[in-house]
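All remarks here apply to the structure that follows.
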Number of protein chains: 2
Amino acid sequence: MARDSQGTRRRILEAATAEFAERGIAGARVDRIAASAGCNKSLLYTYFGNKDRLFETIFDSLVAEMVTATPIDTTDLACYAGRLFDRYCTHPEVVRLALWDRLERDGQGMRVAGIVAAETAKAEALARAQDGGAVSALLSPADLLAAITLVTSLWPLMQAHDDSPSPARLAEMRTAVTAIVSRLTDPGPTR
Amino acid sequence: MARDSQGTRRRILEAATAEFAERGIAGARVDRIAASAGCNKSLLYTYFGNKDRLFETIFDSLVAEMVTATPIDTTDLACYAGRLFDRYCTHPEVVRLALWDRLERDGQGMRVAGIVAAETAKAEALARAQDGGAVSALLSPADLLAAITLVTSLWPLMQAHDDSPSPARLAEMRTAVTAIVSRLTDPGPTR
DNA sequence: GGCACTCAACCAACCAGTTAGTAAGCTCGG
DNA sequence: CCGAGCTTACTAACTGGTTGGTTGAGTGCC
């Protein structure tokens, strides 16, 4: 086996992502991550310092990418919600990581500069759309954003039983989510 | 100090509730629970078997009570949502326990008979209200129930920073939540 | 005395993090 | 082309401390 520090780093990150998403920080086992990455435990320490910093590294890169990946479309928020929903469905581990972060680290991972900036930008875009009358002013921009995030990211988790949902069930859920966002953002009949 | 097994039991349950809500199952420490309950660790085992069963005991009684405590009012679902929101605000530990259950036990705590029955009854009540035209049929009864649960229970958690929200902020959040539910359930102009 | 209850001390397993060492590639003078 | 010397990637084995769970010796009420 050739030596490949970048590849090993990546394998560790992948293994740790799966382990942390599955079991959280307290429940994750460093030995299990190392075994799953096919390398020695101490490598993990030379590369990433310790368990907490490993989680931080994963969280910052994964979640920050997630938040910035889907640009907001204030002209069709239901469609935007649908795309968010799809992303969260194809990356369920990110949702779980974010929940672990909330529960185990009081959400400190969500307070890094990049994420805060992206959220602020989205809220401002929503505020402009509301001023222009294209979006209902029922909720404040921040509240509307929170509602969309809540519904798109956590809907599958709330429904989940032991088995993962069928494609048909997934499509139903997606329809419900977009219907909710559509209803929330509809500006009503134009004057 | 007089002997009082019932009191000790209760103190253990209270301490364990706080510990589990704060740190989850994997993060909770049995010694800390015992110390906080002011009793010996072994008592905890004679009364509750082990750590997991202690969590189960707490979860089943607390969450089941929570789900059944606020009866659904299909004639004013926004108000119902407001009451749910209040309950979840005054009992944030229950929300956290439910999240830990989802993440660490794949939500098995939510699948006990009592909770499932209560949810089914609420969905049926919603279905009747929709048939009668009092509630929008935008969403299926189960989806509408899921949306209400999601928004009322997790809204404060998603907003939470290190410090707990001020009463004024809490009132704002409550208004947003009831506005969302109101918008989602509004049957529209009567024919 | 018997019984329900209480506790300090203990144990084996586990776990995050460390250490001391090995070996694969790279470099550079010859 | 070569091989001594150095750097980098990696590892087995260990350490100090923690953790869930047990046990056996009390303690006080009937």
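The structure presented is a predicted model; accordingly, all values stated were derived computationally and were not measured. Chain naming here is simple, since letters A, B, ... match the order of the sequence lines and numbering starts at 1 in each.
Paired with Glu19(B) under the rule salt bridge (Lys or Arg N to Asp or Glu O under 4.0 Å), one option of Arg32(B), Arg96(B), Arg29(B) passes, and it is Arg32(B).
Nucleic acid contact class of Ala28(A) (heavy atoms, under 4.0 Å, all strands): sugar-phosphate only.
Rounded to an integer number of Å, the gap from OH of Tyr45(B) to C1' of dA8(C) is 16 Å. For the pair Leu43(B) CG and dG24(D) P, the interatomic distance rounds to 17 Å; values are reported in whole Å. dT22(D) atom C1' lies 18 Å from atom CZ of Phe48(B), rounded to whole Å. For Leu44(B) and dG21(D), the CG to C1' distance is 11 Å, given to the nearest whole Å. Remark: P of dT6(C) and CD1 of Ile12(B) are 8 Å apart, rounded to the nearest angstrom.
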Report task. Would you sort out whether Phe55(B) and Leu97(B) count as a side-chain contact (heavy atoms from CB on, under 4.5 Å), showing the intermediate values? Result -> CA-CA 9 Å; Phe55(B) 182 88; Leu97(B) 286 175; 3.8 Å; yes

Q. Stepwise, does the side-chain contact (heavy atoms from CB on, under 4.5 Å) test hold for Arg105(B) with Ile25(B)?
A. CA-CA 9 Å; Arg105(B) 306 200 310 161; Ile25(B) 302 172; 3.6 Å; yes

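Contact check of residues 50-62 of chain A against DNA chain D (heavy atom, cut-off under 4.0 Å) returns no residues at all.
Shortest non-hydrogen contact noted between Thr70(A) and Arg87(A) is OG1-CD, 3.1 Å. Residues Arg169(B) and Asp143(A) come closest through the heavy atom pair NH2-OD1, 4.0 Å. Residues Cys39(A) and Leu43(A) come closest through the heavy atom pair CB-CD1, 4.0 Å.
Glu14(A) is linked by a salt bridge (Lys or Arg N to Asp or Glu O under 4.0 Å) to Arg10(A), counting only residues two or more places apart in sequence or in another chain.
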Measure all distances between protein nitrogen or oxygen atoms and nitrogen or oxygen atoms of nucleotides 20-23 of chain C, and list the pairs falling under 3.5 Å.
unit_1, atom_1, unit_2, atom_2, d
dA23(C), N3, Arg3(A), NH2, 3.4

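Each of Lys41(A) and Thr46(A) has a nearest nucleotide on DNA chain D; the 5'-most of these lies closest to Thr46(A).
A close approach under 4.0 Å does occur between a side-chain nitrogen or oxygen of Tyr47(B) and OP1 or OP2 of dT6(C). In terms of phosphate contacts, Arg29(B) brings no side-chain nitrogen or oxygen within less than 4.0 Å of OP1 or OP2 of dT18(D). Contact check, Asn40(A) against dA9(D): no side-chain N or O comes under 4.0 Å of OP1 or OP2.
Once rounded to the nearest 0.5 Å, the distance linking CG of Leu126(B) with CG of Leu145(B) reads 6.0 Å. Atom CG of residue Leu84(A) and atom CZ of residue Arg174(A) lie 10.0 Å apart, to the nearest 0.5 angstrom.
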